[in-house]
Novice: 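One structure is given below, represented as structure tokens, and several questions about it will come after.
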Amino acid sequence: MKRYDTADCAVLKKAELAPGIFDLTVFCPEAARIARPGQFAQFQVPGKTLRRPISICEISREDGTLRFVFQIRGDGTRLLSLLNPGETVNLLAPLGNGFDLGDPSRRALFVGGGIGVPPLLEAAKPFGARAVLAAGFRSRNAVTLREDFESLGCQVRVATDDGSFGYHGLVADLMDDIEFDVVFACGPKPMLRAAAGAAARRGVPCYVSMEERMACGIGACLGCAVRLRGGNGPYYGHVCKDGPVFDARTVVWEE
Amino acid sequence: MADLKLNLAGVPLQNPLIAASGTFGFGKEFAEFYPLSTLGGISCKGLTLEERPGNPPPRIAETPGGMLNSVGLQNPGVERFIREDLPWLRKQGTAVIANIAGNTPRDYCKMAERLSDSDVDMIELNISCPNVKQGGAAFGTSCESAAAVTAAVRRFCKKPLMVKLSPNVADIGEIAAAVENAGADALSMINTLTGMRIDLQTRRPVLRNNTGGLSGPALLPVALRMVWQASSRVKIPIVGLGGITTWRDAVEMLLAGASAVQIGTVLFSDPYAPVKILAGLEAYLEENHLKSAAELTGKVRPW
């Protein structure tokens, strides 16, 4: 079986979860069969030179579907938000390495910021009640997927930048009194760095999902560089092929 | 069935479609989609004498009808390419073109000499990469330096030598003629145009390198014009590239004077583009009762 391929896929469901944040369920049985949590898809946007990389939020092998939750960031994602059920979109999927979930009997801390929360949902499933989600959003009306995590049995703690919902402040402040054996994080770089620091202080592993401007999505163009630690010093790995999930210890956090 | 085979400066190609350097890596990723023997050839990711880490990110920015990149020739170096990538690539049933870039004419010569002892089919001299500080574009932007580096490499190069020209010049015909006189067996043109984008919020250039190389559909008219202008100045074959997205673009490029084409940026939107372009080209030849793609080369009828 191919590791990844393109396919024209039917959009089955579409919803706007929060202003500018869209939820698409796409029928793509081939990709759904082999997809793993933390992987992503490249969406073709007619008229655009580059595809748009979007993380997989949920995988249903039974239904042959993938769920994607994405935010309008520019013209390309705006065009994707106009897709409706019954229409098709060309996907290149599944791409990248997903989360290495390891032993699901461990207590897992999921750390997500804004649109970094969706890729954590599928990864949280096997941990259920042993998972805590610490999620940060700009404000109350940007809070998404809280119920989805709660229905898995996860404890959810929310921080907002403006204090309009949950804790007023940084997600990093929510981590102090949580007991965990492993961390999975996706969000802005300072948040990932804080998650990596919290994990390092407790001596537990931390996996971070990184983002970088991307072209091919498969490792050929070398566009989406990320600085990593190697045996012979730092080098540039690539988000699409070496990631998007990295062991936090391998990432060079300093600019 | 029309015959798509051709001989490019002594290198037999099963069709005139070549993957452009920097967009196709060393072929492994695209081999997931279709056998690489689908392509006439592969121009490998640009090689330097020593391994290069490349430029810091962000390296990519989208533009209307195109994209900018400032990858900065990240590559494993010529020796590791020969040792680790070439043996696999050699077995894929397609022509292998080694694209080389150097800081000094000496670098180019050393690489050409080394690759002449390997089993690559052709060497493509990249004197036009806009994303590296030393050398690179500097060689490609004047007749004297382009001719000098071509002549120097010619003495060490036992393989057919193709020189990839920069569009960032005043008179492309002059450069093409100078490079032909210096001993090139073929030309490939054009490389990316130097460009820039600026983030309104941070007021910083989107690319960490400030500027980058523009590629994609926006380039096609410029590339067609330059191939057309160069083709009247040289006798050696021209491989046309720059913004080819559909079979129609490829046919235009042949009509403008190209003997073969390279495709690059379209692969990022549709990895199957080569398959579609070949099918379209075959159908066009069939419909027009042409026996080969070569019958299209230079057949534009200017006003």
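By convention in this document, chain letters (A, B, ...) are assigned in the order of the sequence lines, proteins followed by strands, and residues within each chain are numbered from 1. Note that these values count all heavy atoms, side chains included, but never hydrogens, waters or copies made by symmetry.
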Novice: Which atom pair, heavy atoms only, marks the closest approach of B:M67 to A:A215?
Specialist: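 Nearest pair, atom of B:M67 first, then A:A215: CE-CB, 4.0 Å.
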Novice: Tell me whether the count of non-hydrogen atoms from other residues, nucleotides or ligands lying under 6.0 Å of CZ in A:R249 goes above 12.
Specialist: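 No, not enclosed.
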Novice: Flag yes if more than 12 heavy atoms outside B:Q201 fall under 6.0 Å of its CD atom; otherwise flag no.
Specialist: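 Count not over threshold, so no.
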Novice: Measure from the side-chain N and O atoms of A:R3 to the backbone N and O of B:E32, and report whether any donor-acceptor pair falls under 3.5 Å.
Specialist: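 Judged by distance alone, no pair lies under 3.5 Å.
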Novice: So for atom CD, which belongs to B:E84, do other residues, nucleotides or ligands contribute more than 12 heavy atoms lying within a distance under 6.0 Å?
Specialist: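 Yes.
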Novice: Any chance CZ of B:R225 has more than 12 other-residue heavy atoms, nucleotides or ligands included, within less than 6.0 Å?
Specialist: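 Yes.
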Novice: Compare every heavy atom of B:G66 with every heavy atom of A:T49, then report the nearest pair and how far apart it is.
Specialist: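 Here A:T49 and B:G66 meet closest at OG1-N, 3.0 Å.
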Novice: Does a sphere of radius 6.0 Å around CZ in A:R138 hold more than 12 heavy atoms from other residues, nucleotides or ligands, not counting ones at 6.0 Å or beyond?
Specialist: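 Counting other residues, nucleotides and ligands, CZ of A:R138 stays at 12 neighbours or fewer.
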Novice: How far apart are the closest heavy atoms of B:P58 and A:E212, and which atoms are they?
Specialist: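 Looking at all heavy atoms of both residues, the shortest contact is CA-OE2, 3.4 Å.
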Novice: Roughly how far, to the nearest 0.5 Å, is the CG atom of B:L267 from the SG atom of A:C216?
Specialist: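 If I round to the nearest 0.5 Å, the distance is 9.5 Å.
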Novice: Got B:L207 and A:R213 here, is their nearest side-chain heavy-atom distance under 4.5 Å?
Specialist: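 Heavy-atom side-chain distance check fails, nothing below 4.5 Å.
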Novice: Does any heavy atom of chain A fall under 4.5 Å from the side chain of B:F24, the backbone, both, or neither of them?
Specialist: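 The backbone, not the side chain.
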Novice: Within the side chain of B:E62, is there an N or O that forms a donor-acceptor pair under 3.5 Å with the backbone of A:L50?
Specialist: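 Looks like yes, one N/O pair under 3.5 Å.
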Novice: Start with the C-alpha distance between B:N55 and A:Y236, add both sets of side-chain angles, then the distance that settles side-chain contact (heavy atoms from CB on, under 4.5 Å), and finish with yes or no.
Specialist: CA-CA 9 Å; B:N55 291 331; A:Y236 287 117; over 6 Å; no
Novice: For A:K2 and B:Y272, work out which heavy atoms get closest and say how close.
Specialist: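 Scanning both residues, the minimum pair turns out to be NZ-OH, 3.0 Å.
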Novice: Is the number of heavy atoms from other residues, nucleotides or ligands within 6.0 Å of CD (A:E211) greater than 12?
Specialist: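 No, because the 6.0 Å sphere around CD of A:E211 holds 12 heavy atoms or fewer from other groups.
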Novice: Heavy-atom distances under 4.5 Å only: say whether B:P64 touches chain A with side chain, backbone, both or neither.
Specialist: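 Contact with chain A involves no heavy atom of B:P64 at all.
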Novice: Taking the side chain as everything from C-beta on, heavy atoms only, tell me whether A:C221 gets closer than 4.5 Å to B:V71.
Specialist: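 No - every pair of side-chain heavy atoms lies 4.5 Å or more apart.
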Novice: Walk me through it: do A:L92 and B:F268 pass the test side-chain contact (heavy atoms from CB on, under 4.5 Å)?
Specialist: CA-CA 10 Å; A:L92 166 54; B:F268 302 157; over 6 Å; no
Novice: Write down the atom of A:G219, the atom of B:E29, and the distance for their closest heavy-atom approach.
Specialist: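 Residues A:G219 and B:E29, closest heavy atoms: O-OE2, 3.6 Å.
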Novice: Any chance you could measure B:E51, atom CD, to A:N232, atom CG, to the nearest 0.5 Å?
Specialist: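 Here the interatomic distance stands at 8.5 Å.
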Novice: As a quick check of understanding, evaluate side-chain contact (heavy atoms from CB on, under 4.5 Å) for A:K48 and B:S269, giving each step before the final call.
Specialist: CA-CA 8 Å; A:K48 293 286 172 187; B:S269 163; over 6 Å; no
Novice: Distance check, rounded to the nearest 0.5 Å: B:D270 atom CG versus A:N90 atom CG?
Specialist: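 Reported value, rounded in 0.5 Å steps: 7.0 Å.
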Novice: Pick whichever of A:R227, A:K241, A:Q42 has the most heavy-atom pairs under 4.5 Å with chain B.
Specialist: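 Max contact count across the listed options: A:K241.
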Novice: Heavy atoms only: give me the nearest A:A225-B:P57 pair and the separation to one decimal.
Specialist: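 A:A225 and B:P57 have their closest heavy atoms at O-CG, 3.3 Å.
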